[in-house]
Amino acid sequence: MSTRAQQLLDWYDRERRDLPWRMAPGKKADPYKVWMSEIMLQQTTVATVKSYYRDFLQKWPTVQDLAGADLDEVLHAWQGLGYYARARNLHKCASVVTREYNGRFPEEEKRLLELPGIGPYTAAAIASIAFGAKATPVDGNVERVVSRLFQVEEKMPKAKKQLAELASTLTPEKRAGDFAQAMMDLGATVCSPKKAACGICPWMEGCEARLKAEPTDYPKKEAKKPKPTRKAYVFWLTRKDGAVLLRRRPEKGLLGGMMEIPSSEWSEADITKQEALRHSPASALLKELEGGVRHTFTHFHLELTVLSGRVNGNPPVNGVWVLPEDLKDHALPTLMKKVSKHALTTG
DNA sequence: AATTCGTGGGA
DNA sequence: TTCCCAAGAAT
């Protein structure tokens, strides 16, 4: 094994973090748990994932249990975690593994890659961590560490291919899973985005960014585009019994499959209240609530104005009437929780 | 190949 | 307040 790999593994054996999905040293990993944690950790912090991970495993201890659940139940459990396509693919993947693989995840990276929600990173992570294969998962941490170690000048995301190749040259034949987790721990704790604790880094000696430049200047990045702001009116419609109207969003796209408070189209162009009213699911005398709801997604800001009113009788609508105390039983994304809270406290 | 996908915490 | 960005994948 190369000195470099050994240095990092030694560091990992001393400093490794105790995480819920991380098995004791030398102990065999449960592929289902590795998979679950890796899907949840996609673009999501360790701190945020922990409680969801525990809840999911308690609720669905095996992949067969998860496959047997209703998608809506999975989306409900996933609410607040974001990137809801992950939940839809999680459920789909559980079905495929249960049905086509008899409940056992395939061991080969190539076959893992064919499963829903599993891309290059996750396939390599499962292959190495759960099955001990020599694979190199490349996440943001690995890209950052490698870009500094070799002082890669190419900007992201163009540098991704080069960084992945460099990373794979580092991976040892044995303990590839530990090595991968060590790289990620290193990036998360020592070689972090805004500060590099080079003094305690196991790789300080050969790090080119430390020797010849400023480590935190890497990886180099292209300038980001500004986020546009979209606006809309949301309709907080209540029935005589106090129930509020919810409806399900389309399966694909933003917040796909989740429940929502009905609204006009989210548009960058200004819309008048009168124009928006034509999109109300039911007629009612609507009053504009003070304040509003602001929310920021990955690529745009959203400003919502809440229109609140009571409908007459029980009009036919595309949706479901839900009592405020029962909102918790539905798969509401954080944005919609903000809206309901605003309406319930302001209205 | 560039966009589209959430959310919360920290600087 | 605003910006950054976190164990990426799908299209």
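Throughout, protein chains are lettered first and strands after them, A, B, ... in sequence-line order, and every chain is numbered starting at 1. None of the values given here were measured: they were computed from a predicted structure.
- Residue whose closest nucleotide on DNA chain B sits further toward the 5' end, between A:Thr298 and A:Pro157: A:Pro157.
- Pairs passing the side chain to side chain donor-acceptor pair (under 3.5 Å) check and including a residue from residues 94-117 of chain A, sequence neighbours excluded, do not occur.
- Regarding A:Met183, its CE atom lies at a distance of 13 Å from the P atom of C:dA7, rounded to whole Å.
- Residues A:Arg86 and A:Lys158 each lie close to DNA chain B; by heavy-atom proximity, the contact nearer the 5' end of the strand is made by A:Lys158.
- Annotation: side chain to side chain donor-acceptor pair (under 3.5 Å) contacts involving residues 313-326 of chain A, sequence neighbours excluded, comprise A:Arg239-A:Asn314.
- The gap from the C1' atom of B:dG8 to that of C:dT1 amounts to 16 Å, rounded to the nearest Å.
- Taking atom C1' in both C:dA6 and B:dC5, one finds a spacing of 15 Å when rounded to whole Å.
- At the phosphate of C:dA7, neither OP1 nor OP2 sits under 4.0 Å from any side-chain N or O atom of A:Arg22.
- In this structure, CD of A:Gln43 is placed 8 Å from P of C:dA6, rounded to the nearest angstrom.
- A:Leu166 belongs to a hydrophobic cluster with A:Met1, A:Leu8, A:Leu9, A:Trp11, A:Tyr12, A:Tyr121, A:Val138, A:Val142, A:Val145, A:Val146, A:Leu149, A:Phe150, A:Val152, A:Met156, A:Leu163, A:Leu170, A:Phe179, A:Met183, A:Met184, A:Leu186, A:Val190, A:Ile200, A:Trp203, counting contacts under 4.5 Å between side-chain heavy atoms of Ile, Leu, Val, Met, Phe, Trp and Tyr, direct or through other members.
- OP1 and OP2 of C:dA7 both lie 4.0 Å or more from every side-chain N or O belonging to A:Ser37.
- When the P atom of C:dA6 is taken as reference, atom CG of A:Leu186 falls 14 Å away, rounded to whole Å.
- Distance A:Leu90 CG to C:dG8 C1': 15 Å, rounded to the nearest Å.
- Between the P atom of C:dA10 and the OH atom of A:Tyr84 lies a distance of 19 Å, rounded to the nearest Å.
- Taken to the nearest 0.5 Å, the CG atom of A:Leu304 stands 6.5 Å off from the OG atom of A:Ser263.
- Taking the centre of each ring, A:Trp21 and A:Tyr53 come in below the 6.0 Å mark.
- Aromatic rings from A:His295 and A:Phe297 are positioned such that their centres are separated by under 6.0 Å.
- Rounded to whole angstrom, the span from the OH atom of A:Tyr83 across to the P atom of C:dT11 amounts to 16 Å.
- Counting 5' to 3', DNA chain B first comes under 4.0 angstrom of a heavy atom of chain A and last does so at the ends given by B:dT3 to B:dG8.
- When the C1' atom of C:dG8 is taken as reference, atom CG of A:Leu41 falls 11 Å away, rounded to whole Å.
- Residue A:Tyr233 forms a side-chain contact (heavy atoms from CB on, under 4.5 Å) with just one option from A:Thr305, A:Leu277, A:Thr272, and that option is A:Thr305.
- Rounded to an integer number of Å, the gap from NE2 of A:His91 to C1' of C:dA9 is 19 Å.
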Output a table of nitrogen or oxygen pairs between the protein and nucleotides 1-4 of chain C separated by less than 3.5 Å.
none

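- Counting only residues at least two apart or on different chains, the side chain to side chain donor-acceptor pair (under 3.5 Å) pairs with a member in residues 66-76 of chain A are A:Asp72-A:Arg248.
- C:dA9 sits 15 Å from B:dA1 when the C1' atoms are compared, rounded to a whole Å.
- Considering every non-hydrogen atom in both A:Thr136 and A:Ser168, the closest pair reads OG1-CA, 3.5 Å.
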